[in-house]
Amino acid sequence: MSVGQGQRTTAEQEERNAMHLLPVRRADVPFLLALALIASVYIILIIGILAAKVFYVELPLVGEVFTNPGYRYAVILSLLSCSVTTVLSVWIAVPTAYLMTRVSFFGKRLVDAILDIPIVLPPLVIGLGLLMLFQTPPGVWIQQHVRFTYAIPGLILAQFMVACAFATRTMMATFTEINPRQEQVAVTLGCSRSQAFWMVVLPEARRGMIPAATIAWARAMGEFGPVLVFAGTTRMRTEVMPTTIFLELQVGNLGMATAVAVVMLVTSLAVLVLMRIAGRGMRMM
Amino acid sequence: MIDFKDITIQLGAFSLEKVTLHIPTGAYAVLMGRTGCGKTTLLEAACGLRPLKAGRIQLMGRDVTALPPGQRGIGLVPQDGALFTTMSVEDHLGFALRVRNHPRKVIRARVEELADWLGITHLLKRRPQGLSGGERQRVAIGRAMAAHPDILCLDEPFSALDEETHADMLELLRRVHRETGVTVMHITHNRREARALANPLIVLRDGQVVEHDLDSIGTTPNPTNDDSVEDNDDVNGF
């Protein structure tokens with residue numbers, strides 16, 4: 001998947017680059033083989049962990065993930081909360097990234113650094129921070145209306161805190177790629193700034209929304225630390241798949257943990273493939 | 001008519017101080033000068049894309065210094081065309097009228113008229129991806145001319161075109177100018193382009209405007225005392 005923090009290669013770029021590749025000559029083979037050897041260590045490890053899971057998983061236990069109400073609840077809550085988090089993340093990431101890439105303002109570098117905090121901060125610390133935040137008077141006031149700590153909104157907020165930072169970075173890379181002259185031309189043609197945004201820039205940015213959503217979804221799916229601290233691990237309430245794995249491991253139930261992990265793996269891969277297909281469709285639109 | 005009166009523009013470390021420039025109505029002004037001398041900045045100032053620190057800009061006798069770009073009656077064709085990749089050629093040609101909320105029928109008629117005029121009727125349903133360089137610039141010119149601007153600003157529009165297409169495009173621009181009477185401000189590094197189109201030729205040197213006699217590019221090896229002006233100047237030996 002060609003998504004990553006702050007970096008994104010588009011299919012067009014890949015195609016363009018492919019046209020300018022050097023041919024492989026016999027004399028280059030030892031050098032390229034050495035590189036391939038180094039790369040293969042990592043790739044074999046990735047395939048290894050996937051294969052190990054599939055090899056060790058007991059199929060009846062995978063079935064139990066869907067028949068047992070407790071596990072099923074975690075699966076459904078994971079899918080729903082990740083979807084909500086993804087929509088929220090992209091929704092916040094688009095305006096944030098536009099401001100950060102298309103407007104110069106005082107303190108921009110500081111804001112840029114702040115946007116990196118959720119990426120570099122240990123996840124547990126983010127969870128703890130959220131817990132503290134909701135102990136403050138404004139936090140307490142909010143909790144009187146919507147309960148966040150140890151509740152589903154808290155679970156989504158915990159996932160969102162990290163997922164949104166990654167979505168924002170991806171959208172920033174997208175806006176940076178879009179030729180600013182298009183917006184200039186649009187305003188000379190009579191657009192206001194907001195019209196230029198809605199009519200020209202946002203449609204151009206659509207191609208970055210799928211990668212942004214994908215990375216947000218993947219981060220949200222794997223989020224464990226902040227969820228554990230802020231939303232808790234109450235079965236049938238705030239339990240998501242990563243917490244199930246943790247709880248099952250705690251009680252030494254490696255079989256069940258593996259079964260849930262395989263379900264997580266398959267759903268994640270399915271979502272990634274779907275997003276990729278959606279991304280292709282969008283590029284062709 | 002384009003009138004810059006003592007305009008000062010500050011862009012980080014770069015600045016243009018007290019530039020005064022006059023381009024009469026209906027003229028085809030070609031602006032040349034060293035890379036980084038501020039040609040594009042001047043053009044952007046005319047379009048309202050750069051704030052002025054001091055000075056005034058009048059277009060067609062109207063003071064536009066405080067007007068937003070869309071109300072200045074200007075069409076802009078940037079270097080790479082800057083086409084909207086999510087829109088069809090048809091959408092490009094109708095864009096300016098759509099923004100102005102013209103009725104659909106009026107827009108369709110204008111799109112057809114422009115496409116016919118620029119020879120791009122067969123491309124109307126296409127997206128910019130896959131268009132040739134010449135086709136892209138035709139679309140960019142059509143998009144800029146759609147709302148009948150008084151002034152057309154071109155920023156090195158043909159720098160990436162091959163020889164043959166380049167000649168076609170020069171001919172097209174001559175025709176656009178002749179048939180619409182639009183006042184043009186055209187930035188280029190290419191002396192052949194300047195020679196074919198300029199009236200007047202304006203050279204920006206050391207932050208100041210020097211009007212040049214067209215013949216001087218024919219006789220002087222380097223009219224702007226500047227290496228970069230020779231970019232793309234590979235033919236005819238002037």
Side-chain angles (χ1 to χ4, degrees), chain A residues 8-19 94 98 101-106 108-109 171 173-211 278-285, chain B residues 11-12 40 43-51 59 64 67-88 91-102 127-130 139-149 151-157:
Chain A
R8 206 174 58 83
T9 45
T10 61
E12 297 106 81
Q13 261 174 340
E14 279 167 29
E15 263 169 44
R16 213 168 31 236
N17 289 348
M19 282 177 4
V94 169
Y98 176 81
T101 51
R102 292 301 171 95
V103 183
S104 49
F105 57 88
F106 179 74
K108 190 167 168 178
R109 281 189 176 189
M171 283 318 297
T174 304
F175 280 118
T176 307
E177 251 177 44
I178 297 171
N179 185 354
R181 295 222 172 263
Q182 294 177 346
E183 211 175 347
Q184 293 188 337
V185 169
V187 295
T188 62
L189 291 172
C191 282
S192 64
R193 185 147 196 172
S194 77
Q195 278 176 314
F197 175 79
W198 290 110
M199 294 173 77
V200 174
V201 185
L202 197 62
E204 296 276 345
R206 253 191 344 205
R207 61 187 143 108
M209 285 182 205
I210 292 286
R280 287 238 172 90
M282 224 171 224
R283 266 204 293 276
M284 282 184 225
M285 272 164 64
Chain B
L11 269 178
T40 298
L43 184 115
E44 287 173 345
C47 294
L49 300 168
R50 293 270 169 238
L59 301 178
V64 298
L67 280 187
Q71 291 174 24
R72 295 183 176 212
I74 270 192
L76 171 64
V77 178
Q79 189 170 13
D80 45 8
L83 298 183
F84 309 139
T85 62
T86 57
M87 292 184 201
S88 66
D91 292 338
H92 280 83
L93 300 183
F95 189 85
L97 301 187
R98 221 166 53 240
V99 172
R100 287 169 173 76
N101 289 321
H102 282 271
R127 290 279 175 94
Q129 299 86 328
V139 176
I141 291 169
R143 179 181 59 180
M145 292 301 292
H148 303 284
I151 291 158
L152 180 62
C153 290
L154 303 128
D155 189 3
E156 296 183 50

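Letters A, B, ... are given to chains in the order of the sequence lines, protein chains preceding strands, and every chain is numbered from 1. Basis for what follows: all heavy atoms, side chains included, without hydrogens, waters or symmetry-related copies.
- Counting heavy atoms from C-beta outward, B:Val99 and A:Leu189 have side chains that stay 4.5 Å or more apart.
- In this structure, A:Val185 and B:Pro78 have side chains that are in contact, with non-hydrogen atoms separated by less than 4.5 Å.
- Although no hydrogens or angles enter the test, the distance criterion places a donor-acceptor pair under 3.5 Å between the side chain of A:Gln182 and the main chain of B:Leu83.
- Minimum interatomic distance between A:Asn179 and B:Ala82 (heavy atoms only, all atoms of both residues): ND2-CB, 3.8 Å.
- Within residues 142-149 of chain B, the residues that have a heavy atom under 4.5 Å from a heavy atom of chain A are B:Arg143, B:Ala144, listed by number.
- Between B:Phe95 and A:Met199, the closest side-chain pair of non-hydrogen atoms falls below 4.5 Å.
- Applying the side-chain hydrogen bond (donor to acceptor under 3.5 Å, both in side chains) test to B:Glu44 and every residue at least two apart in sequence or in another chain returns A:Arg181, B:Arg50.
- Of the atoms belonging to A:Gln195, it is side-chain heavy atoms, and not backbone ones, that fall under 4.5 Å from chain B.
- Remark: A:Ile178 CD1 to B:Phe84 CZ distance equals 12.0 Å, nearest 0.5 Å.
- If you measure heavy-atom distances from B:Arg72 to chain A, you find no contacts under 4.5 Å at all.
- Every side chain to side chain contact (heavy atoms under 4.5 Å, CB included) that A:Phe105 has, sequence neighbours left out, goes to A:Met100, A:Val103, A:Lys108, A:Val111.
- Partners of A:Phe197 by ring pair (Phe, Tyr, Trp, His ring centres under 6.0 Å), not counting sequence neighbours, listed by chain and number: A:Tyr98.
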